[in-house]
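Shown next, in structure tokens, is the structure this report addresses.
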Amino acid sequence: MSEIIEKVRMISGKNIYLCYQCGMCSASCPMAQYMDVLPHQIIRLLQLGNPDVVNVKSIWICVSCMTCVDRCPRRVDPGVIFEALRLITLRKGIDKIRYRDLRDISEAPSMALVAISRKMTG
């Protein structure tokens with residue numbers, strides 16, 4: 001088992017190998033249109049042990065509405081996994097989001113603005 005998978009399992013308590021790629025999380029995600037990689041694809045990257053999954057911008061676009069958690073038939077709970085991936089990054093002292101770097105917030109959904117406020121570290 002790769003290091004990234006073990007860290008995610010320890011933080012989230014979830015077994016990513018239960019995911020059979022039904023795509024329900026991606027279909028129900030209100031932020032999917034803004035993501036570079038869809039939620040079910042992130043889980044697949046993680047299943048493959050890809051350590052670069054922490055660099056996917058989508059884990060920061062996720063607004064933690066937990067719709068994917070409600071809809072996941074296997075209780076993999078992608079939203080919880082994304083939170084674990086964000087924590088792994090933040091624990092390294094890397095701040096992925098800064099208000100001053102936002103170009104045009106009038107285009108952003110209000111859910112995203114609330115979520116970005118919760119994810120700021122500095």
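Values below: all heavy atoms of this structure, side chains included; hydrogens, waters and symmetry mates excluded. Count residues from 1 along the sequence. Predicted model, so just to flag it, every value in this text is computed and none were measured.
- Using a 4.5 Å heavy-atom cutoff, the side chains of Cys68 and Pro39 are not in contact.
- Between Tyr17 and Ile5 the shortest side-chain heavy-atom distance falls below 4.5 Å.
- Within the model, atoms CG of Leu48 and CD1 of Ile43 stand 11.5 Å from one another, a figure rounded to the nearest 0.5 Å.
- Counting heavy atoms from C-beta outward, Gln47 and Ser2 have side chains that stay 4.5 Å or more apart.
- Put simply, the side chain of Arg86 gets close to the backbone of Ile59: a donor and an acceptor are under 3.5 Å apart.
- Remark: the Arg44 side chain and the Gln41 side chain contain no N/O donor-acceptor pair separated by less than 3.5 Å.
- Residues Ile81 and Ile42 have side chains not in contact (no heavy-atom distance under 4.5 Å, counting atoms from C-beta outward).
- Side chain of Asp77 to backbone of Gly79: no donor-acceptor contact under 3.5 angstrom is found.
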For residues 19-27, please give each side-chain donor-acceptor pair under 3.5 Å, one per line with the distance, not counting sequence neighbours.
unit_1, atom_1, unit_2, atom_2, d
Gln21, NE2, His40, O, 3.1
Ser26, OG, His40, N, 3.1
Ser26, OG, His40, ND1, 2.5

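- One finds the CG atom of Leu87 at 12.5 Å from the CE atom of Met10 (value rounded to the nearest 0.5 Å).
- The nearest pair of heavy atoms linking Leu85 to Val54 is CD2-CG1, 3.9 Å.
- Put simply, CG on Asp52 and CG on Leu45 are 9.0 Å apart, with the number rounded to the nearest 0.5 Å.
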